[in-house]
Amino acid sequence: MHGVKRSNEENGSVVDVAERTMLRNYRQAPIAIERGEGCEVFDRDGNGYLDMSAGIATSSLGHGHPALVQAIAAQASKVIHTSNYFLGDTNVKLAKALCAKMQMPRVFFCNSGSEANEALLKLARRYFYSKGERTRTKIVAFENGFHGRTLGALSITGKAAYREGFGALGDIVHLPFGDVEALERTLDKDVAAVIIEPIQGEGGVLPAPEGFLKHLRAQCTSVGALLFLDEVQTGVGRVGRWLASHGQEADPDAVALAKGLAGGVPIGAMLTKEYLVDALPPGTHGATFGGNALASAAALAVLETIESEGLLENAAKCGALLARGLNELVQTFPSVCESSRGEGLLQGLVLHKGMMARDWLPRFYANGLLVTAAGDRVIRLTPPLIVREEQIGAALSLIRETLHEGARS
Ligand SMILES: *Cc1c(COP(=O)(O)O)cnc(C)c1O
């Protein structure tokens, strides 16, 4: 059913053109995906793949979901884009729905995760600037964290390899993820904000230690710093809740969202508390495409479908099944796998030290399974939220087959 069974001619011609026209900033697999259906995608030659990556946790409703397709088509026929000189009917509806679900009263729309984090950084600077706290400029972030590729978001990203050769903007400190003592030593009245992912995604699917977010909240409050959560990867149902931080007493001042919010259509959002509503007065921030009608219609369809199809419950149920299956594979292949971890439909299979997850990807692809690498040695699974139990079972079989082949070679 899955895997490279047919010819590779069409793919080959796409690869040739890509090699001649595009920059070489990605390590792209020679698979030209042409279309998708539910949790499957098909390449130019008709080879099928079970998609357990969902475009890096973006295609939350899978591929070709009728509600999403219909919402985009209907909006396109009405109006696609109007700019922020005017209110948009669709983005105001989205604002209301999103704020209610995320339990945050205010929202700013943009186009990506990096942009949502840039908005957070500007929010922190302007907030303390207008309060007259001009020396409060420091941002605390965490080692191994990922916040995006634009220069501001890159500067708070906690992995030196991503930053190499680019320098950094501003006064930024990176602390060990989950280190309570380092936090207590570092937080002072010069810290404007602390930013953290509840589960480090790109860094290797690493959940923050139990109770850490709550502790962080208390520490931030005691020195008067803002607490920002980067839920770009973990938010919008990925772990079986609207936000991964819900239920953890994190009580953030602002939250960044993007990836899964519009089911694969580019969007980003910054949610804030009420007291930050005037921190970015007219003229201080914006985005031409922010709140774009097409993206907003897609996001509304995603939120409504998560609700109507019970996808939070599904993410929790299928996530538990996946976690159990991965844990069994760790027991079965101790020479390859060290452990597994994650929550809901954000799961990682950790390979042994010295192994590179990215070297394993072609083996998974050849067997017809799309997964991604996170950190150096984690195989990451982020299936669509619509995934069914039998598809989790099929994915686990393909992983088993791949580990079996890899362990022998
Ligand atoms: C992907 C990601 C980003 C960057 O999002 P882009 O849309 O690529 O700019 C930021 N933060 C986290 C946690 C992410 O996973």
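It should be emphasised that the depicted structure is a prediction, and the values quoted were computed from it without experimental measurement. Positions are given from 1, in the same order as the sequence printed here. Whatever order the structure lists them in is the order used to number ligands and atoms, beginning at 1.
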Fill in: Min side-chain heavy-atom separation Leu229-Ser245 under 4.5 Å
yes
Worksheet item: Parallel, tilted or perpendicular for Phe108 and His285, by the 30°/60° rule?
Response: tilted
Would you give me the side-chain donor-acceptor pairs under 3.5 Å for residues 386-396, sequence neighbours excluded?
{"from": "Arg388", "atom 1": "NE", "to": "Glu390", "atom 2": "OE2", "distance (Å)": "2.7"}
{"from": "Gln391", "atom 1": "OE1", "to": "Arg388", "atom 2": "N", "distance (Å)": "2.9"}

Worksheet item: For ligand 1, what are the residues with a heavy-atom contact below 4.0 Å?
Response: Ser112, Gly113, Ser114, Asn117, Phe146, His147, Gly148, Glu197, Asp230, Val232, Gln233, Lys259
N/O donor-acceptor pairs under 3.5 Å from side chains in residues 345-353, not counting sequence neighbours:
{"from": "Gln347", "atom 1": "NE2", "to": "Gly344", "atom 2": "O", "distance (Å)": "3.0"}
{"from": "His352", "atom 1": "NE2", "to": "Pro334", "atom 2": "O", "distance (Å)": "2.7"}
{"from": "His352", "atom 1": "NE2", "to": "Cys337", "atom 2": "O", "distance (Å)": "3.2"}

Fill in: Pairs where residues 192-211 contributes a residue and the test side-chain hydrogen bond (donor to acceptor under 3.5 Å, both in side chains) is met, not counting sequence neighbours
Asn144-Gln200, Glu202-Gln233, Glu202-Arg380
Fill in: Lys/Arg-Asp/Glu bridge criterion (N-O < 4.0 Å) met for Asp251, Lys273
yes
